[in-house]
2 protein chains.
Amino acid sequence: MPNRSHAVDRRSDRKIGIKDVSREAGVALSTVSHVLNGTAPISQEVRARVLEAARRLGYLAKRQQKGAIASLTTLYLAVPPGNRPHNDINLVSWTMLTQLSREAERRGVRVVAHNGSAELQAAEILAGARAVGAEGIVLVFDDNPKLLKGLTGADLPVVLLNGEDPAMGLDTVAPANRYGARLATEWLLSHGHRRILHLTWRGRSTIMRRLDGFRDAYAERGLPQDQGEVLYARGYEPDQAREALRDFITERGGLDGFTAVFCAADNLAIGALTELRAQGYAIPSDIAVVGFDGVAPGELTVPSLTTVRVPLDSLAASTVQMLENRLSFMNRDYPACRIELGCQFVERESGGSFVSIA
Amino acid sequence: MPNRSHAVDRRSDRKIGIKDVSREAGVALSTVSHVLNGTAPISQEVRARVLEAARRLGYLAKRQQKGAIASLTTLYLAVPPGNRPHNDINLVSWTMLTQLSREAERRGVRVVAHNGSAELQAAEILAGARAVGAEGIVLVFDDNPKLLKGLTGADLPVVLLNGEDPAMGLDTVAPANRYGARLATEWLLSHGHRRILHLTWRGRSTIMRRLDGFRDAYAERGLPQDQGEVLYARGYEPDQAREALRDFITERGGLDGFTAVFCAADNLAIGALTELRAQGYAIPSDIAVVGFDGVAPGELTVPSLTTVRVPLDSLAASTVQMLENRLSFMNRDYPACRIELGCQFVERESGGSFVSIA
DNA sequence: CTGAAAGCGCTTACAG
DNA sequence: CTGAAAGCGCTTACAG
């Protein structure tokens, strides 16, 4: 094996030390040290100034990384074949994987991708991870119970990214799907919509959490659940959204009183926009369209897509952090950890923006 | 202010260094350094041996702490008056607060308790925290929306422990209540019970998640929801559980076919045990009783209490860790983080243990 | 991967 | 809280 210079990866910023911090904060070197270690009583103002400078210069982050970095050098990444970049036109997968490698690179962690059977197998993944000397495994986009069970209790820590484990055998990191969907639906309700169509598909349990959130919003306002309806597409690709909507409109002879479509993914929303416009509906005046994911293409559609942004970068960061925590300070009996990160509503054109009436 | 020797708190274990690790692992000093920093290619076996030794000696943990410790010296703790130790016979509150101070102490963090109005007020809490120079706030057992909203976006990071924030404005750390309740209910179902009474109270939203989990278990097996029933006590104290059960039995003229009581808290379960025994029922043969919390008294009841253990120590650790993460490496726009930790089913006597029949 | 050695960055004790 | 100084622990380069 060639003598890869690991060290280079790890200090992209050339040696920021407490000397730099002391200069930046305008205090003595020793004062910085005392603040950082709590070894002497320092006034609140100076403390704050020092910490602020240390954070700004990236010194705190560097120090934190140095503490954790030891344990994770190689991360084994298992992605279902259907979600690998060359097989998947879904930008969510692509962006999430990109963020994950970027985060790994930032920490000097090598990423090795799993390549196995058409369907992911726990034993294969574990063997692959051991073969390359990985200290931890990240499983993405997959949460079939058999696979999760097979990975539970393995001698390597495993984090499931963007999936859920009902048995709580594995640590998981996911966007707050239910919350985000409630947020979007509530936004539509607060803008006067009552008949909202939720366009989704059954493929992933995390996507089903968005359906839960859709219902939560109605429940929270005490509105009858049947004002909202659910329309299932056969997949998550734009064309499948078009197909589902086309059938819906044909069957009902029009929009049937619906004034908004809330799509469980931007991909579906893009299909919805296309189909609705093709059928001559104006967006958002005839019907509002809201997506979920917040990936790039939504900015470029006409009209631009109102959506819920999933914090893909933070999800990647939390995932790697979780692995490092497991490796460096959590003991074996620390319970499984389920992490959800907040999503943000992004108001653009397709959702409309008439004055709030509720 | 006296010259408190902060440093002492922080190295309870007297200076474990890489020299100790190298001895423990049986390798050269330089090898340990290379492993910890990835500065040279080291074989998988040696790496593993070194890391194992470093973890065992607590060196990894020490290093990790050193990275984060800087930013948090004083933690401001806000507890609703009703849950403060002298007003509360509930061991959950007591244990959780104890674990939190223990964790803080372990990290050399000073804890200052808030003392304000009968009802917690956001502005008061923030003022109090600033007055003592705290870098972060932990709010426990309270999740009234107005309070949470008032603390959202504050210039100090706030973590809500054992509560939920539907608006996801704050970071939260809580046990996986829904999961734990499903686990317990499923255990009862798998042991042949069908008519299960869920004894709970309406006081806290986190407790209501346990009701969700109770229902999940029925739903998962495709059993009719009305086989399980919910009985509300007027509070969470043993006597209030007794009262609720007494009324129930009087009203129905007996147990009405129920073969198990699943209580949303050990406190309620203890009351249930007392009342059921007082009325002449044998536990678990006439009726099984299962609690939730896993605090000490459940081991001492007769029969001992089958329950779901909440990882109070890990919850405290995650809470402090969360604050430190916010302070040292998460930037302002890192989204709010919701953390749930897994619970564990603890099989003792009161739940029975006949052979699994399903 | 070892082991001795040089060097660096941070910590610490102290006078001001 | 400063600043100069001693010292410690870890890192690093190198010969074996």
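Letters A, B, ... mirror the listed sequences (proteins, then strands); counts begin at 1.
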Quick one: side chain to side chain contact (heavy atoms under 4.5 Å, CB included) partners of A:Ser43, sequence neighbours excluded? A:Glu45, A:Val46
Residues forming a side chain to side chain contact (heavy atoms under 4.5 Å, CB included) with B:Ser30, sequence neighbours excluded: B:Ala28, B:His34
Filter on side chain to side chain donor-acceptor pair (under 3.5 Å), then keep only pairs touching residues 119-129 of chain B, sequence neighbours left out; what's left? B:Ser117-B:Glu124
For residues 312-319 of chain A, run the donor-acceptor check on the side chains, cut-off 3.5 Å, and write out each pair with its distance to 0.1 Å, sequence neighbours left out.
from     : atom 1 : to       : atom 2 : distance (Å)
A:Ser318 : OG     : A:Ser314 : O      : 3.3
A:Ser318 : OG     : B:Tyr334 : OH     : 2.5
A:Thr319 : OG1    : A:Leu315 : O      : 2.7

Under 4.0 Å, heavy atoms only, any strand: does B:Val46 hit a base, just the sugar-phosphate, or nothing? sugar-phosphate
Per-pair distances, 0.1 Å, donor-acceptor, side chain in residues 151-164 of chain A, under 3.5 Å, sequence neighbours excluded:
from     : atom 1 : to       : atom 2 : distance (Å)
A:Thr152 : OG1    : A:Leu148 : O      : 2.8
A:Asp155 : OD1    : A:Arg130 : NH2    : 3.2
A:Glu164 : OE1    : A:Arg209 : NH1    : 3.3
A:Glu164 : OE2    : A:Arg209 : NH1    : 2.6

Using the test salt bridge (Lys or Arg N to Asp or Glu O under 4.0 Å), find all partners of [X] that sit at least two apart in sequence or belong to another chain.
{"X": "B:Arg49", "value": "none"}
{"X": "A:Asp171", "value": "A:Arg326"}
{"X": "A:Arg309", "value": "none"}

Of all pairs that satisfy salt bridge (charged side-chain N to carboxylate O under 4.0 Å, His left out), the ones with a partner from residues 93-104 of chain B, not counting sequence neighbours: B:Glu103-B:Arg106, B:Glu103-B:Arg107
Flag, side chain of A:Ser101 to backbone of A:Leu97, donor-acceptor distance under 3.5 Å: yes
What's the closest nucleotide to the A:Ile42 side chain, out of D:dC1, D:dT2, C:dT2? D:dC1
Of all the nucleotides listed (D:dT12, C:dT2, D:dG3), which has the minimum atom distance to the side chain of B:Val27? C:dT2
Could you pull out the protein-nucleic contacts involving nucleotides 13-16 of chain C (nitrogen or oxygen on both sides, under 3.5 Å)?
none

Can you pull every protein N or O that's under 3.5 Å from an N or O on nucleotides 8-10 of chain C?
from   : atom 1 : to      : atom 2 : distance (Å)
C:dC10 : OP1    : A:Tyr59 : OH     : 3.2
C:dC10 : OP2    : A:Ile18 : N      : 3.1

Take the protein atom CG of A:Leu36 and the nucleotide atom P of C:dT12, then report the distance between them rounded to whole Å. 12 Å
Is DNA chain D part of any stem, that is, at least 3 consecutive Watson-Crick or G-U pairs with both distances under 3.5 Å, and where? C:1-3 with D:14-16, C:5-12 with D:5-12, C:14-16 with D:1-3
